[in-house]
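Along the sequence shown, residues are numbered consecutively beginning with 1.
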Amino acid sequence: MRVLMVASEAVPFAKTGGLADVAGALPGALERLGCDVTLVMPAYRDVFTKGLPIEETGLSFEVPLGARRATARILRGRLPGSDVTPFFIANDACFDRPTLYGGAEDYADNAERFIFFARAALEFAGRQDRPFDILHCHDWQAGLVPAYQKLAYRAWPMLSQARAVMTIHNMAYQGLFWHWDMLLTGFDWKYFNWQQMEFFGQLSFLKTGLVFADAISTVSPTYAKEIQHAPGGCGLEGVLAARSDALVGIVNGIDTTVWNPAVDRHIPRGYGPDTVAEGKDAARIALAARLGHAAPDPRPLVALVGRLVEQKGIDLVIEMLGRMAGGGRAHFVILGTGSADTEDALRHAAAAYPGTIDVVIGFDEEFAHLVFAAADIALVPSRYEPCGLTQLYALRYGTIPVVRATGGLVDTVVDATPETLASGRASGFVFEAFDSLALEHALDRALLAHADRTLWSGLVRHVMDQDWSWDASAREYVRLFERVRAAPPVAVS
Ligand code: ADP
């Protein structure tokens with residue numbers, strides 16, 4: 001099966017969130033199952049700063065963009081750990097910029113940039129020598145691909161038989177643009193209606209993808225249900241409910257070549273289920289040194305790694321810290337970046353409790369590995385969470401997650417109750433209400449369990465033995481691809 005994967009970011013080339021982890025690992029996992037995968041992404045400035053080999057292919061072509069033409073130059077790289085060749089679409093005006101999508105404000109021309117990207121991806125695929133079966137499109141940045149395939153490239157032999165699968169990583173990001181940007185797409189205005197491309201007067205890239213795709217997936221079964229209702233659907237719940245037959249949830253895997261405590265280059269001592277105590281001790285010495293402490297703290301270490309934004313429940317954490325840090329029952333380490341207000345509030349908390357709260361502001365992938373290895377408990381108190389990767393990394397590193405019961409967290413963490421502990425299924429501590437007291441109570445339960453060495457080491461061993469690699473998820477994607485390929489394409493008029 002030949003798959004064109006269209007993603008706006010992929011590890012190790014460019015990353016702002018979980019999508020990059022998926023787009024970096026899924027192609028290799030699909031190839032191991034016999035798929036032939038071609039990955040296409042933009043040639044951002046970031047792509048060239050990683051010391052990875054990127055070469056010219058000699059292929060370039062012009063892409064229509066409204067009334068003008070824009071040149072796409074195709075570059076080629078290598079996806080480490082796999083035989084997949086990633087291709088990069090270069091156009092310096094669009095992509096040679098300091099960040100992927102903008103800073104505090106999105107780039108004003110993001111519509112134009114990703115119209116260009118979607119068309120260029122198809123123009124590139126259309127110039128290959130073997131037809132594609134599946135166009136796998138990720139998030140709003142690739143949202144126009146299914147529509148272009150059906151409305152503009154249907155007659156192209158390499159694309160005509162393909163089915164488009166749209167994967168949603170987060171409903172909150174929809175690619176909503178000025179209605180006049182329709183002119184840049186080249187689509188007929190007749191599609192600018194509430195059942196197809198329009199969303200309350202704006203052009204919606206994600207809605208377009210959801211309507212024109214032959215199948216839709218999202219990154220966990222629970223999130224697939226949540227987005228068919230408000231508030232999870234972020235306004236598109238009606239569109240998703242109408243297409244519920246075409247919608248599935250497939251939990252993300254983790255890249256176990258990168259996230260494996262046995263061979264992790266970013267931690268001082270590799271470890272497995274039998275050597276977790278020694279591995280974590282070594283990691284805690286390194287972490288203490290890194291944080292400027294004379295010696296590691298013997299108290300349980302509670303960590304949070306992620307974007308310091310409302311979605312991640314950081315407001316609950318700040319409230320909870322205000323009440324719990326004074327009790328001195330645990331040491332907290334927080335790594336992330338967020339709004340100035342949130343970062344300030346966390347710095348404030350750290351200054352109030354030196355030696356009990358450490359806050360590291362920044363995006364530091366290597367440090368994240370050390371934090372997961374050193375910690376006993378990881379917090380993921382999200383308001384909503386399509387899948388969530390940090391709880392999966394935590395499990396892999398024998399770090400017990402405390403999570404809110406939402407989205408993928410429901411599908412990946414089993415609350416420790418007397419029953420689940422007795423049956424050996426427990427893997428973390430789960431709370432329901434989006435409330436700092438509920439978080440505090442769950443963390444309290446985790447700390448009590450941590451004090452019981454036998455119970456805790458059984459829990460740690462169990463979570464480290466779980467398999468969250470991409471293999472199982474990739475098999476589900478293959479089944480989805482096979483199903484959608486066997487069915488007729490979605491009707492478009
Ligand atoms: P989202 O995509 O919503 O940000 P996920 O949990 O799916 O959340 O993925 C986030 C990814 O980004 C994880 O790999 C996480 O470890 C990483 N990450 C987030 N913030 C940081 C940071 N400040 N430093 C290092 N890694 C980070």
Side-chain angles (χ1 to χ4, degrees), residues 6-9 16-17 19 42 64-66 94 100-102 105-122 135-153 164-219 223-224 226-247 311 384 386 489-493:
V6 188
S8 59
E9 46 186 273
T16 67
L19 159 63
L65 199 53
C94 284
L100 274 55
Y101 312 122
E105 302 260 307
D106 288 345
Y107 293 129
D109 58 350
N110 273 351
E112 185 169 330
R113 297 171 76 221
F114 289 97
I115 289 168
F116 169 74
F117 173 58
R119 285 203 88 145
L122 286 175
L135 310 177
H136 190 184
C137 315
H138 296 267
D139 277 352
W140 70 263
Q141 294 90 337
L144 299 188
V145 170
Y148 277 124
Q149 183 225 356
K150 293 194 168 56
L151 303 178
Y153 294 91
V165 175
M166 187 75 221
T167 294
I168 309 160
H169 296 263
N170 191 334
M171 282 306 298
Y173 302 96
Q174 302 186 355
L176 284 175
F177 298 105
W178 196 33
H179 61 281
W180 288 112
D181 285 328
M182 272 300 280
L183 295 172
L184 294 175
T185 65
F187 293 134
D188 194 306
W189 276 103
K190 76 174 184 178
Y191 298 108
F192 192 74
N193 65 71
W194 69 276
Q195 288 179 304
Q196 290 178 300
M197 298 183 177
E198 183 251 5
F199 183 76
F200 293 98
Q202 289 187 287
L203 168 61
S204 170
F205 281 26
L206 183 61
K207 179 172 177 177
T208 301
L210 300 178
V211 170
F212 285 83
D214 300 294
I216 303 167
S217 79
T218 189
V219 287
Y223 195 59
E226 289 172 352
I227 60 179
Q228 296 182 49
H229 306 278
C234 300
L236 291 177
E237 50 275 1
V239 179
L240 287 159
R243 297 221 60 199
S244 63
D245 289 349
L247 171 63
Q311 181 205 329
Y384 70 93
V490 69
V492 173
S493 56

Does [Y] offer a backbone N or O that forms a donor-acceptor pair with the side chain of [X] under 3.5 Å?
X	Y	answer
Lys207	Trp194	yes
Asn170	Ala172	yes
Asp181	Leu184	no
Thr218	Ile168	yes
Arg243	Leu210	yes
Glu237	Pro231	no
Tyr223	Met171	yes
Gln228	Glu226	no
Gln174	Leu236	no

Q: Quick one: sort the Tyr191 and Phe187 rings into parallel, tilted or perpendicular, breaks at 30° and 60°.
A: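 Because their plane-to-plane angle is over 60°, the rings of Tyr191 and Phe187 count as perpendicular.
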
Q: Determine the interplanar angle of the Phe192 and His179 rings, folded into 0 to 90°, and report it as parallel if under 30°, tilted if 30 to 60°, perpendicular if over 60°.
A: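 Answer is tilted, since the angle falls between 30° and 60°.
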
(Q) Check this for me: does any side-chain nitrogen of one of Asp106 and Arg113 sit under 4.0 Å from a carboxylate oxygen of the other? (A)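 Looking at Asp106 and Arg113, the cut-off is not met.
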
Just how far is it from atom [atom1] of [X] to atom [atom2] of [Y], taken to the nearest 0.5 Å?
X	Y	atom1	atom2	value
Tyr148	Leu122	OH	CG	9.5 Å
Phe212	Met197	CZ	CE	4.0 Å
Leu65	Cys94	CG	SG	7.0 Å
Leu19	His169	CG	NE2	4.5 Å

Q. Can you find a side-chain donor-acceptor pair between Glu9 and Tyr101 that sits under 3.5 Å?
A.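 Yes, side-chain donor-acceptor contact under 3.5 Å.
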
Q: Using ring-ring contact (aromatic ring centres under 6.0 Å, His included) as the criterion, point out the one residue from Phe199, Phe177, Tyr173 that pairs with Trp140.
A: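 Checked Phe199, Phe177, Tyr173 against Trp140; only one passes ring-ring contact (aromatic ring centres under 6.0 Å, His included): Phe177.
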
